[in-house]
Amino acid sequence: MEKVDLNHVLFGIDLEAAQELAKREGLPPYRATQILEWIYKKNIESFQEASNLPTATRQRLSTEYRLHALSLVEEKASANGESVKYLFRTIDGELVESVLIEQQKRKTVCVSTQLGCKIGCIFCASGKGKFGRDLSAGEIVEQVAWIQKMKAGAVTNVVFMGMGEPLDNFDETMRALDILQAPWGLAMGPRRITVSTSGITPRILDFVKHVGGRVRLSVSLHASDDAKRSRLVPINRKYGLGELKKTLAKVHHSLKRQITFEYTLIDEVNDSREDAEGVARIAKPLHAKVNIIPYNPIEEEAFRTPTDEKIAMFRRVFHEHGIRVTIRKTAGRDIDAACGQLRLNRKDSERRAKDG
Ligand code: SAH
Ligand code: SF4
């Protein structure tokens with residue numbers, strides 16, 4: 001895939017880049033923050049809307065730069081109304097998916113960080129097919145900014161659980177986290193943001209350092225022994241459970257919030273009592289909580305969703321050990337887009353391109 005030129009796109013710039021831009025354009029430094037606020041807070045369609053900038057500046061910015069890296073293609077609500085899938089098109093014609101999940105007062109946007117995923121967990125649709133490319137910080141933040149704008153500022157939480165492995169696109173993910181939190185950016189509190197990883201251990205250390213332990217960390221565990229985990233999550237062959245546990249033990253004191261282990265529960269694969277006990281042994285010393293995600297069937301694999309009894313048994317085992325547990329509702333299955341199960345649908349992309 002060609003490398004897309006995002007140099008002239010303003011979505012994704014930070015304070016330093018905005019200051020350079022102001023200097024280049026012969027503007028006083030305070031204009032940098034104004035420009036950033038028009039981009040991120042107001043998410044304007046055109047610089048003509050930037051009413052506190054001089055007319056000549058508006059004109060120049062409009063002709064010299066492009067504001068957005070994404071455009072909205074489609075918005076599709078699930079039948080139960082709890083989630084909405086958004087499809088965006090990138091400048092190079094690729095499709096990016098995000099999901100808004102509404103539960104009570106919480107409105108969570110699930111963002112994608114890559115087109116496809118190189119990790120290739122066997123039960124995950126995102127890892128099937130060819131890897132496209134990393135998304136830029138601007139492309140990541142724009143998913144939130146667009147949904148925020150369309151829903152009149154209602155986004156309360158952001159989870160990095162869409163397509164892609166955030167820590168495999170480290171630099172852009174960190175820049176996106178900075179913009180989401182910056183006062184001139186989306187000004188979101190760090191504990192409202194969660195990064196989910198399949199366990200690239202050296203990058204977990206870098207991530208915790210970068211965010212000062214403030215952004216929440218979720219680790220996709222899915223198995224409590226190396227043989228099983230390597231089969232389900234191939235990155236485990238490189239960074240095994242021993243190393244993962246050691247890394248998490250090292251960072252968990254500097255994290256301001258509990259670690260969450262995500263556990264995709266698959267019938268007859270990782271749903272025995274022994275599996276549950278194994279997860280409890282890993283979670284307990286780290287004071288971690290566990291989020292059980294009942295497997296959501298994908299076309300390519302013959303796995304099955306676990307029975308309700310098994311889900312209940314898992315819950316019981318964690319309770320017995322005093323471990324907090326949540327069970328994710330499979331919201332949005334009917335739109336094929338519960339968070340964490342997004343996929344590249346190239347056929348769709350080609351069809352839409354033809355339809356114009
Ligand atoms: N790459 C990151 C974040 C995206 S995946 C990670 O793996 O953590 C977000 C979550 O959805 C992961 O825990 C993943 O294992 C889970 N998931 C993926 N496919 C699934 C499926 N078919 N059913 C249930 N959960 C799934
Ligand atoms: Fe990638 Fe996460 Fe899917 Fe694994 S579960 S293939 S790491 S997106």
Side-chain angles (χ1 to χ4, degrees), residues 83 96-99 101 108-135 140 143 158-170 173 176-177 193-201 203-204 207 215-223 228-239 244 248 259-267 269-271 279 288-306 310-311 314 326-333 335-344:
S83 65
V96 176
E97 287 180 311
S98 326
V99 182
I101 301 151
T108 304
V109 173
C110 174
V111 294
S112 293
T113 53
Q114 297 179 311
L115 298 171
C117 182
K118 289 184 234 163
I119 309 296
C121 303
I122 58 172
F123 51 81
C124 174
S126 301
K128 307 280 170 192
K130 227 176 101 213
F131 178 75
R133 65 169 171 86
D134 286 336
L135 294 182
I140 298 169
Q143 299 168 51
V158 175
V159 293
F160 285 63
M161 293 184 187
M163 190 184 292
E165 166 51 53
L167 300 189
D168 183 42
N169 180 14
F170 189 81
T173 295
L177 289 171
I193 308 172
T194 304
V195 169
S196 173
T197 179
S198 56
I200 306 181
T201 50
R203 291 312 206 177
I204 292 178
F207 157 72
V215 169
R216 289 176 192 265
L217 171 67
S218 258
V219 177
S220 293
L221 195 61
H222 311 316
K228 199 174 277 187
R229 190 161 193 270
S230 292
R231 186 161 86 82
L232 298 173
V233 187
I235 192 85
N236 193 73
R237 292 173 206 151
K238 190 162 178 195
Y239 305 114
L244 182 62
L248 296 178
I259 295 171
T260 301
F261 281 118
E262 284 159 279
Y263 195 91
T264 294
L265 196 61
I266 311 172
D267 180 53
V269 172
N270 60 358
D271 67 346
V279 175
K289 54 183 176 184
V290 180
N291 183 25
I292 296 173
I293 315 172
Y295 169 70
N296 193 10
I298 63 166
E299 269 170 35
E300 296 86 340
E301 297 297 336
F303 295 137
R304 285 181 312 268
T305 305
K310 287 290 176 62
I311 298 175
F314 259 67
T326 48
I327 295 168
R328 191 196 287 173
K329 281 203 287 177
T330 45
R333 185 179 290 180
I335 55 168
D336 184 29
C339 185
Q341 287 133 65
L342 304 179
R343 66 180 312 139
L344 267 186

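Numbering of ligands and ligand atoms starts at 1, following listing order.
- Between the side chain of N169 and the backbone N or O of T113 there is at least one donor-acceptor pair closer than 3.5 Å.
- Near E165, the atoms of ligand 1 lying under 4.0 angstrom from a non-hydrogen atom of the residue are 1 (N), 2 (C).
- Residue-to-ligand polar distances place S196 within reach of ligand 1: an N/O pair is separated by less than 3.5 Å.
- Within the listing of ligand 2, atoms 8 (S) sit less than 4.0 angstrom from a heavy atom of G164.
- Without hydrogens or angle criteria, R203 side chain to D168 main chain gives no donor-acceptor distance under 3.5 Å.
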- Test side-chain contact (heavy atoms from CB on, under 4.5 Å) on L244 and N236 and set out the steps. CA-CA 9 Å; L244 182 62; N236 193 73; 5.7 Å; no

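- In this pair, Y295 and F303 present their aromatic rings perpendicular. The plane angle is above 60°, beyond the 30 to 60° band.
- The heavy atom nearest to atom 14 (C) of ligand 1, considering only R328, K118, H222, M161, is found in H222.
- The T197 neighbourhood of ligand 1 comprises atoms 6 (C), 8 (O), with distances under 4.0 Å to a heavy atom of that residue.
- Shown here are the side-chain hydrogen bond (donor to acceptor under 3.5 Å, both in side chains) partners of S198, two or more places apart in sequence or in another chain: E165.
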- Evaluate the side-chain contact (heavy atoms from CB on, under 4.5 Å) criterion for residues T260 and R216: first the C-alpha distance (whole Å), next the side-chain angles of each, then the deciding distance (0.1 Å), finally the verdict. CA-CA 8 Å; T260 301; R216 289 176 192 265; over 6 Å; no

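- In this structure, G164 counts as a contact residue of ligand 1, since one of its heavy atoms falls inside 4.0 Å of the ligand.
- Within the 4.5 Å cutoff, the side chain of L265 has heavy atoms near those of the N270 side chain.
- When all heavy atoms are compared, the tightest approach of V233 to C121 is CG1-SG, 3.8 Å.
- With ligand atoms numbered from 1 in the order given, ligand 1 contributes 13 (O), 24 (C), 25 (N) to contacts under 4.0 Å with heavy atoms of I293.
- More than 12 heavy atoms of other shown residues, nucleotides or ligands fall within 6.0 angstrom of atom NZ in K118.
- Of the N or O atoms in A125, none lie within a sub-3.5 Å distance of an N or O in ligand 1.
- Classified by interplanar angle (parallel below 30°, tilted 30° to 60°, perpendicular above 60°), the ring pair F123/H222 is perpendicular.
- Coordination check, C117 versus atom 4 (Fe) of ligand 2: failed, since every N/O/S atom of the residue sits at 2.8 Å or beyond.
- In this structure, of I235, D168, I119, L232, the residue bringing a heavy atom nearest to atom 7 (S) of ligand 2 is I119.
- Near G162, meaning under 4.0 Å from any of its heavy atoms, are these atoms of ligand 1: 4 (C).
- When the heavy-atom distances from atom 7 (O) of ligand 1 to P297, S220, C124 are ranked, the shortest goes to S220.
- Comparing heavy-atom distances from atom 16 (C) of ligand 1 across N296, T264, T305 singles out T264 as nearest.
- Taken from CG in L177 to CZ in F160, the straight-line distance is 4.5 Å, to the nearest 0.5 Å.
- Contact between M163 and ligand 1 is absent, with no heavy atom of the residue lying under 4.0 Å from the ligand.
- Remark: ligand 1 and F160 share no N or O pair separated by less than 3.5 Å (distance only, no angle test).
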- Message: Under the criterion side-chain contact (heavy atoms from CB on, under 4.5 Å), I'd like the reasoning laid out for V159 against S196: C-alpha separation, chi angles, the key distance, then a yes or no.
- Response: CA-CA 7 Å; V159 293; S196 173; over 6 Å; no

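- Residue contact check for ligand 1: S218 places no non-hydrogen atom closer than 4.0 Å to it.
- If you look at E262 next to ligand 1, the close heavy atoms, those under 4.0 Å, all belong to the side chain.
- Nearest-residue assignment for atom 6 (S) of ligand 2 (options S198, C121, S112; heavy-atom criterion): C121.
- Remark: distances from the non-hydrogen atoms of G120 to ligand 2 include one below 4.0 Å.
- Ligand 1 is approached by S198 to a heavy-atom distance shorter than 4.0 Å.
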